[in-house]
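Everything numeric in this text was worked out from a predicted model, so none of it was measured.
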Amino acid sequence: MSKASAGSTSGGTGPIRPYGDTTGDGMVQLSFTLPIAHSKIAEGAAAQLANKMGMDPALVVHAKPMGDGFTFFVVYGRVHHLVDPSSVVVVERDYPLLTPKEANAAIKRSLRRRLVVVGGCIGTDAHTVGIDAILNIKGFAGEKGLEYYRELKVVNLGAQVSVPQLVERARQEKADAVLVSQVVTQRDAHLLNTREMSAAFRESYPASTRPLLIVGGPRFDENMADQLGVDRVFGRGTTPGEVASFLVHRVTNRKAG
């Protein structure tokens with residue numbers, strides 16, 4: 001992890017303020033849903049919430065009923081907070097991005113066999129869009145998925161895979177890496193499932209032979225890898241090429257070590 005440079009983030013140094021209509025005016029837009037039917041009172045409640053969050057003045061610019069007893073709001077207003085980009089902690093990419101050709105060559109040279117990847121969605125999560133975007137040959141963001149890589153063997157288990165099933169299949173396939181996607185986040189299900197998976201693999205494997213454990217999803221914090229017991233957390237927008245490059249970097253370095 002590293003801190004971001006204030007110069008590279010804000011174009012200057014020191015704290016910065018949100019921009020809306022004019023530079024430094026502190027104007028921001030906020031959206032949320034309240035469990036209340038749409039009415040003047042509901043709009044007042046939305047403005048009150050925005051005020052309590054530090055937005056003053058707060059103007060409700062959009063309100064739309066969302067089913068029985070719910071209303072979606074967009075509020076526009078001024079905040080007085082400053083942010084300091086130099087104090088922001090992020091996970092920087094610490095490995096080179098490889099083309100599929102370079103990745104295949106590195107695997108062949110180092111492992112002299114195919115690198116085995118097992119992936120899926122664990123728990124009750126049935127949202128396979130994320131894991132399919134990384135694993136399936138069609139890929140994501142103009143990049144081919146891991147199935148496209150000649151030196152990768154990809155086993156996509158799909159949705160609602162139990163942790164014991166994942167561990168057993170990883171053992172059967174002699175997996176070098178396990179990729180898990182989690183989209184369902186209610187009551188922190190993605191965090192609970194990830195910790196359960198990590199504990200299961202650590203109980204089932206000696207540390208020297210455990211597969212790499214990688215999780216991804218739109219609600220993960222990339223800084224939480226150590227807390228979750230995994231080797232890497234990938235957030236929204238991650239491409240197959242980034243994942244493939246990380247796998248090659250870590251697996252080949254482990255082999256060399």
Minimum-distance pair of heavy atoms, taken over all atoms of [X] and [Y]:
| X | Y | answer |
| --- | --- | --- |
| A200 | V167 | CB-CG2, 3.9 Å |
| M53 | H81 | O-NE2, 4.1 Å |
| I134 | T239 | CD1-C, 3.9 Å |
| L247 | A177 | CD2-CB, 3.4 Å |
| E102 | T99 | OE1-N, 2.9 Å |

Between F140 and L135, is there shared hydrophobic-cluster membership here, with clusters defined by ILVMFWY side-chain heavy atoms closer than 4.5 Å?
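In one cluster with F140: L135, no.
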Does [X] reach the side chain of [Y], with side-chain heavy atoms less than 4.5 Å apart?
| X | Y | value |
| --- | --- | --- |
| L166 | V178 | yes |
| V83 | P15 | no |
| V230 | M197 | yes |
| L152 | E147 | no |
| K144 | P240 | no |
| T194 | F220 | yes |
| R254 | L212 | yes |
| V60 | Y76 | no |

Gap separating the [atom1] atom of [X] from the [atom2] atom of [Y], nearest 0.5 angstrom:
| X | Y | atom1 | atom2 | value |
| --- | --- | --- | --- | --- |
| L157 | Q165 | CG | CD | 8.5 Å |
| R236 | R219 | CZ | CZ | 11.5 Å |
| L146 | L179 | CG | CG | 6.5 Å |
| E242 | F234 | CD | CZ | 6.5 Å |
| N104 | L98 | CG | CG | 10.0 Å |

Polar contact flag, side-chain donor to acceptor under 3.5 angstrom, N193-Q182
yes
side-chain hydrogen bond (donor to acceptor under 3.5 Å, both in side chains): pairs with one or both residues in residues 45-66, sequence neighbours excluded:
none
By the side-chain hydrogen bond (donor to acceptor under 3.5 Å, both in side chains) test, which pairs, at least two apart or in different chains, include something from residues 170-181?
R113-D176, K153-E173, E168-Q172, R169-E173
Y148: partners by ring pair (Phe, Tyr, Trp, His ring centres under 6.0 Å), with sequence neighbours left out
none
Partner set under ring pair (Phe, Tyr, Trp, His ring centres under 6.0 Å) for F201, not counting sequence neighbours:
Y205
Let's go through V90 and E92 carefully: what are the C-alpha distance in whole Å and the side-chain angles of both, what is the deciding distance for side chain to side chain contact (heavy atoms under 4.5 Å, CB included) to 0.1 Å, and is it a yes or a no?
CA-CA 6 Å; V90 298; E92 296 280 9; 3.8 Å; yes
Check the pair H249 / S245 against side chain to side chain contact (heavy atoms under 4.5 Å, CB included), numbers first and verdict last.
CA-CA 6 Å; H249 172 73; S245 297; over 6 Å; no
Can you list the steps and then say if V91 with N223 is a side chain to side chain contact (heavy atoms under 4.5 Å, CB included)?
CA-CA 6 Å; V91 177; N223 295 301; 3.4 Å; yes
For residues 67-74, please give each side-chain donor-acceptor pair under 3.5 Å, one per line with the distance, not counting sequence neighbours.
unit_1	atom_1	unit_2	atom_2	d
T71	OG1	I36	O	2.7
T71	OG1	H38	N	3.0

Test side-chain hydrogen bond (donor to acceptor under 3.5 Å, both in side chains) on Q160 and T124; report intermediate values, then the result.
CA-CA 5 Å; Q160 298 182 327; T124 59; 5.8 Å; no
Quick one: side chain to side chain donor-acceptor pair (under 3.5 Å) partners of D231, sequence neighbours excluded?
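D231 satisfies side chain to side chain donor-acceptor pair (under 3.5 Å) with R210 once adjacent residues are dropped.
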Derivation of the side chain to side chain contact (heavy atoms under 4.5 Å, CB included) call for F32 and V75
CA-CA 9 Å; F32 53 86; V75 182; 3.8 Å; yes
